[in-house]
Amino acid sequence: MEEERREVCVNGEENEAEIVKDEDKLALQFMDSLHSYLSLTDSLSSTLRQGWLELASARHSMGASRVNSSLLDLKFHPAATTLKITGNDVDSIGEQPQFTLQKWVSSEHESTQLEDKNEQPQHIDLKSSDNDEVQKERHKSLSVFGVLISPKLRASQLSFEKALETLVEIANMRSSLLHSFHQLHQEVEDTKE
């Protein structure tokens, strides 16, 4: 009789230990997600700061008349970059949305081909040709500022592209953070009952 009580106590303690381990695992996952989120936010801030400084430097070196908003064509254009959200049911708690940044491979193609920035190309030869086309698109977008473009203006463009990619990473990390918070909250609520 006493041995049965000991077995029940030991089994109960093992179940409690497993629950505590699960809670600790979820808490660590939440803390890791939070750390990554804050690191990405800091990275975004410094990238944007660098982009604005490079833009100001380009405006200073090229002149205010060559780098201003009046040079921009305000007509409607096809989007050069789009954001794709995957996940069938975004409102579902178990399913978290994933965000993917897609850029134009070339605006001259009749079909709208998009390049996933979060996926690695499978063929190295295609990567170099795609990279050349992306470079051409970058140069074309800066052509409104003249033929001789300041390197600072090109660097500013790259900084803002990097900031856009960081924003997508932040969106994915925030989704992961909210998902792990919900799991942790659900686990705590289950142990209270």
Side-chain angles (χ1 to χ4, degrees), residues 32-87 90 96-178:
D32 285 342
S33 296
L34 184 62
H35 179 266
S36 297
Y37 179 78
L38 293 174
S39 297
L40 284 170
T41 305
D42 183 52
S43 172
L44 174 67
S45 175
S46 65
T47 302
L48 286 174
R49 187 179 316 112
Q50 183 67 29
W52 285 114
L53 287 173
E54 289 166 345
L55 185 62
S57 178
R59 186 172 183 173
H60 177 72
S61 68
M62 292 176 67
S65 63
R66 284 193 54 207
V67 180
N68 63 30
S69 61
S70 65
L71 295 173
L72 301 177
D73 185 10
L74 300 178
K75 297 177 190 172
F76 286 107
H77 297 282
T81 303
T82 60
L83 183 69
K84 179 181 174 186
I85 302 174
T86 57
V90 176
Q96 59 184 3
Q98 289 294 319
F99 303 93
T100 307
L101 189 65
Q102 297 178 326
K103 293 188 176 187
W104 291 105
V105 173
S106 176
S107 61
E108 296 172 358
H109 292 179
E110 288 184 21
S111 63
T112 55
Q113 297 178 348
L114 294 174
E115 170 188 20
D116 285 343
K117 294 306 289 180
N118 295 345
E119 294 179 9
Q120 297 295 327
Q122 294 179 0
H123 301 290
I124 296 172
D125 297 335
L126 293 176
K127 184 179 179 183
S128 63
S129 66
D130 286 348
N131 196 17
D132 292 340
E133 290 187 30
V134 169
Q135 289 295 332
K136 286 179 188 176
E137 290 296 317
R138 282 187 183 134
H139 291 301
K140 188 192 292 185
S141 67
L142 290 178
S143 66
V144 297
F145 298 108
V147 178
L148 298 173
I149 303 298
S150 168
K152 290 289 187 178
L153 193 58
R154 293 183 203 280
S156 175
Q157 181 186 33
L158 291 175
S159 291
F160 288 121
E161 283 181 16
K162 185 174 187 273
L164 189 58
E165 292 169 4
T166 305
L167 277 170
V168 171
E169 289 179 39
I170 287 174
N172 283 325
M173 189 53 61
R174 183 163 187 226
S175 174
S176 173
L177 178 71
L178 292 174

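Between Leu48 and Phe160, some side-chain heavy-atom pair lies under the 4.5 Å cut-off.
Listed for the Ser175 side chain is no donor-acceptor partner under 3.5 Å among the backbone atoms of Ala171. In this structure a side-chain-to-backbone donor-acceptor pair under 3.5 Å is present from Ser39 to His35. Listed for the Thr41 side chain is a donor-acceptor partner under 3.5 Å among the backbone atoms of Tyr37. Under a 3.5 Å cut-off, the side chain of Ser57 and the backbone N or O of Glu54 do not form any donor-acceptor pair.
How far OG1 of Thr82 is from CD of Gln102: 4.5 Å, rounded to the nearest 0.5 Å. Here the CG-OG1 distance, from Leu158 to Thr47, works out to 11.5 Å after rounding to the nearest 0.5 Å. The OG atom of Ser156 sits 12.0 Å away from the CD1 atom of Ile149 when rounded to the nearest 0.5 Å. In this structure, OG1 in Thr166 is found 5.0 Å from NZ in Lys162, a value given to the nearest 0.5 Å.
Nearest approach of Ser159 to Gly51, heavy atoms of both residues: CB-CA, 3.6 Å. Of all heavy-atom pairs spanning Leu153 and Ala58, the tightest one is N-CB, 3.6 Å. Between Leu40 and Glu169, the shortest heavy-atom distance links the atoms CD2-OE1, 3.4 Å. In plain terms, the two heavy atoms of Leu44 and Ala163 that are nearest each other are CD1-O, 3.5 Å. The two residues Arg59 and Val67 have their closest heavy-atom pair at NE-O, 3.4 Å. In terms of heavy atoms, Ser141 sits closest to Gln157 at OG-NE2, 2.8 Å.
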Quick one: do His139 and Arg154 satisfy side chain to side chain contact (heavy atoms under 4.5 Å, CB included)? Show the steps, please. CA-CA 8 Å; His139 291 301; Arg154 293 183 203 280; 2.6 Å; yes

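Residues satisfying the side-chain hydrogen bond (donor to acceptor under 3.5 Å, both in side chains) test with Ser45, not counting sequence neighbours, are Arg49. Contacts of Glu161 classified as salt bridge (Lys or Arg N to Asp or Glu O under 4.0 Å), with partners at least two apart in sequence or in another chain: Lys103, Arg138.
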